[in-house]
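A short worksheet on the structure shown next.
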Amino acid sequence: QVQLVESGGGLVQPGGSLRLSCAASGSILSLNAMGWYRQAPGKQRELVATITSGGSTNYADSVKGRFTISRDNAKNTVYLQMNSLKPEDMAVYYCKADLVRAGTYRLDNYWGRGTQVTVSS
């Protein structure tokens with residue numbers, strides 16, 4: 001079964017940095033676009049950044065210039081480098097992957113369980 005597991009969350013002071021990782025495992029035929037989303041308490045889940053299999057990236061306006069998404073296709077892993085963190089970045093961060101599972105012929109969306117990012121002094 002396909003799983004996405006996030007890691008790297010934690011507590012950081014404003015202006016600090018964190019690097020999130022998300023590793024996909026299981027019977028994956030093709031791992032296509034991957035991305036990071038976040039959800040703060042009482043708020044709608046929102047897109048943070050995406051990256052295609054070819055390396056094209058897209059960022060929410062609120063994180064442009066501060067966050068960088070990247071991937072290692074050999075490791076089936078996507079990363080989110082977060083710099084200059086602000087209190088408004090505090091949320092649960094979720095990894096999302098668009099992939100084709102072995103034995104299927106369709107693109108499906110998979111989600112990780114999330115990792116908490118807390119920005120506080």
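- Side-chain heavy-atom separations under 4.5 angstrom define the hydrophobic clusters, and Met90 shares its cluster with no other residue.
- Here the OG atom belonging to Ser30 is positioned 13.5 Å from the OH atom belonging to Tyr105, to the nearest 0.5 angstrom.
- Listed by chain and number, the residues in a side chain to side chain donor-acceptor pair (under 3.5 Å) with Asp72 amount to none (sequence neighbours excluded).
- Across Ser70 and Arg19, no two heavy atoms sit closer than the pair OG-NH2, 3.9 Å.
- Of the inter-residue distances, the one linking Gln3 atom CD with Ser25 atom OG reads 5.5 Å to the nearest 0.5 angstrom.
- Applying the disulfide (SG to SG under 2.5 Å) rule to pairs touching residues 70-121 yields Cys22-Cys95, sequence neighbours excluded.
- Other cluster members for Val119: Val2, Leu4, Val12, Leu18, Leu20, Ile28, Leu31, Met34, Trp36, Val48, Ile51, Tyr59, Val63, Phe67, Ile69, Val78, Leu80, Met82, Leu85, Tyr93, Leu99, Tyr110, Val117, joined by side-chain heavy-atom distances under 4.5 Å among Ile, Leu, Val, Met, Phe, Trp and Tyr.
- Applying the disulfide (SG to SG under 2.5 Å) definition to pairs two or more places apart or across chains, none involves residues 32-94.
- Figure legend: Arg45 and Tyr94 shown as a cation-pi pair, the cationic atom lying under 6.0 angstrom from the six-membered ring centre and within 45 degrees of its axis.
- Heavy atoms of other residues, nucleotides or ligands lying less than 6.0 angstrom from CD of Gln39 number more than 12.
- No donor-acceptor pair under 3.5 Å is formed between the side chain of Ser62 and the backbone N or O of Ala60.
- Separation of atoms CG (Asn58) and OG1 (Thr52) is listed at 10.5 Å; rounding is to 0.5 Å.
- For Ser84, the side chain to side chain donor-acceptor pair (under 3.5 Å) criterion is met by no residue, not counting sequence neighbours.
- Looking at Ser120 and Pro87, their side chains never come closer than 4.5 Å, going by heavy atoms from C-beta outward.
- Other members of the hydrophobic cluster containing Val100, listed by chain and number, are Leu29, Leu107; membership follows side-chain contacts under 4.5 Å among ILVMFWY residues, whether direct or relayed.
- Ala40 and Ala91 make their closest contact through N-CB, 3.8 Å (heavy atoms, listed as atom of the first residue, atom of the second, distance).
- Asn73 approaches Ser53 most closely through the heavy-atom pair ND2-O, 3.8 Å.
- Among pairs with a residue in residues 46-93, none fulfils disulfide (SG to SG under 2.5 Å), at least two apart in sequence or across chains.
- Residues that satisfy the salt bridge (charged side-chain N to carboxylate O under 4.0 Å, His left out) test with Arg66, not counting sequence neighbours, are Asp89.
- Residue pairs meeting the salt bridge (charged side-chain N to carboxylate O under 4.0 Å, His left out) criterion with at least one member in residues 107-121, sequence neighbours excluded: Arg106-Asp108.
- Counting all heavy atoms, side chain and backbone alike, Ser17 lies closest to Gln81 at CB-NE2, 4.0 Å.
- Applying the disulfide (SG to SG under 2.5 Å) test to pairs two or more places apart or on separate chains, none has a residue in residues 31-63.
- Every residue meeting the side chain to side chain donor-acceptor pair (under 3.5 Å) condition with Glu46, not counting sequence neighbours, appears here in chain and number order: Arg38.
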